[in-house]
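Take a look at the structure below.
Note that this is a predicted model, so its numbers are computed, not measured. Throughout, protein chains are lettered first and strands after them, A, B, ... in sequence-line order, and every chain is numbered starting at 1.
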Amino acid sequence: MASDGTNDAARRILAAIRALPAGEVAGYGEVARRAGLPGRARLVARLLSTVAEPGLPWHRVLRSDGRVAFPPDSDGFVEQCARLRAEGVPVANGRVRMPRRGPSLDETLWGPPG
DNA sequence: GCTTTGACCATAT
DNA sequence: CATATGGCCAAAG
């Protein structure tokens, strides 16, 4: 069987996005990570941009910052925002509540004087 | 085969 | 919180 690495990777990414439960969101890097492709965040974006898989909850995929990956004046932006709200995801000004990344150990240990 | 582009990410200012 | 910079990878010209 001709298992193409790139094609196989795309398949895993799509599977990871499909595994996203309604009401939850994840960043491109997060999706790539779950797909077993750490550091391929851009690949996930390209996949959604080039390939439009039907039934794929692409609207649950956001940036790491929790912001929509589309420009505020793009149709995709409005579309994603509306879909997220329809699933119970509070979207404000194109931003979604995302858990902050843990602070650096240096900041945690040497940051606050103690 | 090099250059450009892209629904990105992390860090620093 | 916004902007700027460097890095990363893969597809198209």
Side-chain angles (χ1 to χ4, degrees):
Chain A
M1 319 284 233
S3 349
D4 298 311
T6 41
N7 191 314
D8 206 31
R11 198 166 92 162
R12 281 181 260 192
I13 293 171
L14 293 170
I17 298 176
R18 279 192 202 123
L20 287 172
E24 284 289 307
V25 295
Y28 290 88
E30 194 67 35
V31 173
R33 195 173 195 127
R34 286 185 182 193
L37 306 164
R40 303 328 182 245
R42 300 195 79 161
L43 186 62
V44 178
R46 187 189 68 80
L47 206 68
L48 294 175
S49 182
T50 62
V51 183
E53 188 68 4
L56 190 77
W58 57 271
H59 55 263
R60 286 180 205 148
V61 188
L62 310 163
R63 283 203 193 182
S64 290
D65 301 320
R67 284 194 206 165
V68 181
F70 283 101
D73 64 329
S74 191
D75 293 354
F77 175 90
V78 181
E79 179 72 17
Q80 185 163 14
C81 262
R83 283 188 176 230
L84 287 172
R85 283 183 186 170
E87 295 197 344
V89 179
V91 181
N93 198 6
R95 293 187 206 168
V96 181
R97 248 351 199 152
M98 282 280 272
R100 286 188 190 171
R101 266 175 283 103
S104 306
L105 266 167
D106 244 23
E107 276 291 316
T108 309
L109 297 173
W110 288 84

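Between the CZ atom of Arg63(A) and the P atom of dG6(B) there is a distance of 13 Å, rounded to whole Å. Rounded to whole Å, the distance from CH2 on Trp58(A) to P on dC8(B) is 13 Å. Between Leu37(A) atom CG and dC8(B) atom C1' the separation is 14 Å, expressed in whole Å. Straight-line distance from the CG atom of Asp65(A) to the C1' atom of dC8(B): 10 Å, rounded to whole Å.
A donor-acceptor pair under 3.5 Å links the side-chain atoms of Arg40(A) to the main chain of Pro38(A), judged by distance alone. For Gln80(A) (side chain) and His59(A) (main-chain N/O), a donor-acceptor pair under 3.5 Å exists by modelled atom type. For the pair Ser74(A) (side chain) and Phe70(A) (backbone), a donor-acceptor distance under 3.5 Å is absent.
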Polar-atom pairs under 3.5 Å, protein N or O versus N or O of nucleotides 2-4 of chain C: list them with distances, or write none.
| from | atom 1 | to | atom 2 | distance (Å) |
| --- | --- | --- | --- | --- |
| dA2(C) | OP1 | Arg95(A) | NH2 | 2.8 |
| dA2(C) | OP2 | Arg67(A) | NH2 | 2.4 |
| dA2(C) | OP2 | Arg95(A) | NH2 | 3.4 |

Do any N or O atoms of the protein come closer than 3.5 Å to N or O atoms of nucleotides 6-13 of chain C, and which pairs are they?
| from | atom 1 | to | atom 2 | distance (Å) |
| --- | --- | --- | --- | --- |
| dC8(C) | N3 | Arg42(A) | NH1 | 3.3 |

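The pair Arg83(A)-Glu79(A) meets the salt-bridge criterion, with a side-chain N (NZ, NE, NH1 or NH2) lying under 4.0 Å from an Asp/Glu carboxylate O.
Nucleic acid contact class of Gly76(A) (heavy atoms, under 4.0 Å, all strands): none. Among the heavy atoms of the strands lying under 4.0 Å from Ser64(A) are primed sugar atoms or P, OP1, OP2 only; no base atom is included.
Each of Tyr28(A) and Arg33(A) was matched to the nucleotide of DNA chain B holding its nearest heavy atom; the match closer to the 5' end belongs to Tyr28(A).
Here, dG7(C) and dG6(B) have their C1' atoms 14 Å apart, quoted to the whole Å.
By the 4.5 Å heavy-atom criterion applied to side chains, Leu20(A) and Arg34(A) are counted as neighbours. A 4.5 Å side-chain heavy-atom check between Ile17(A) and Pro57(A) finds at least one atom pair inside the cut-off. You'll find the side chain of Leu14(A) stays beyond 4.5 Å of the side chain of Val51(A), heavy atoms only. When side chains are defined from C-beta on, Arg60(A) does not count as touching Val31(A), because their heavy atoms never get closer than 4.5 Å.
More than 12 heavy-atom neighbours from other residues, nucleotides or ligands sit within 6.0 angstrom of CD on Glu53(A).
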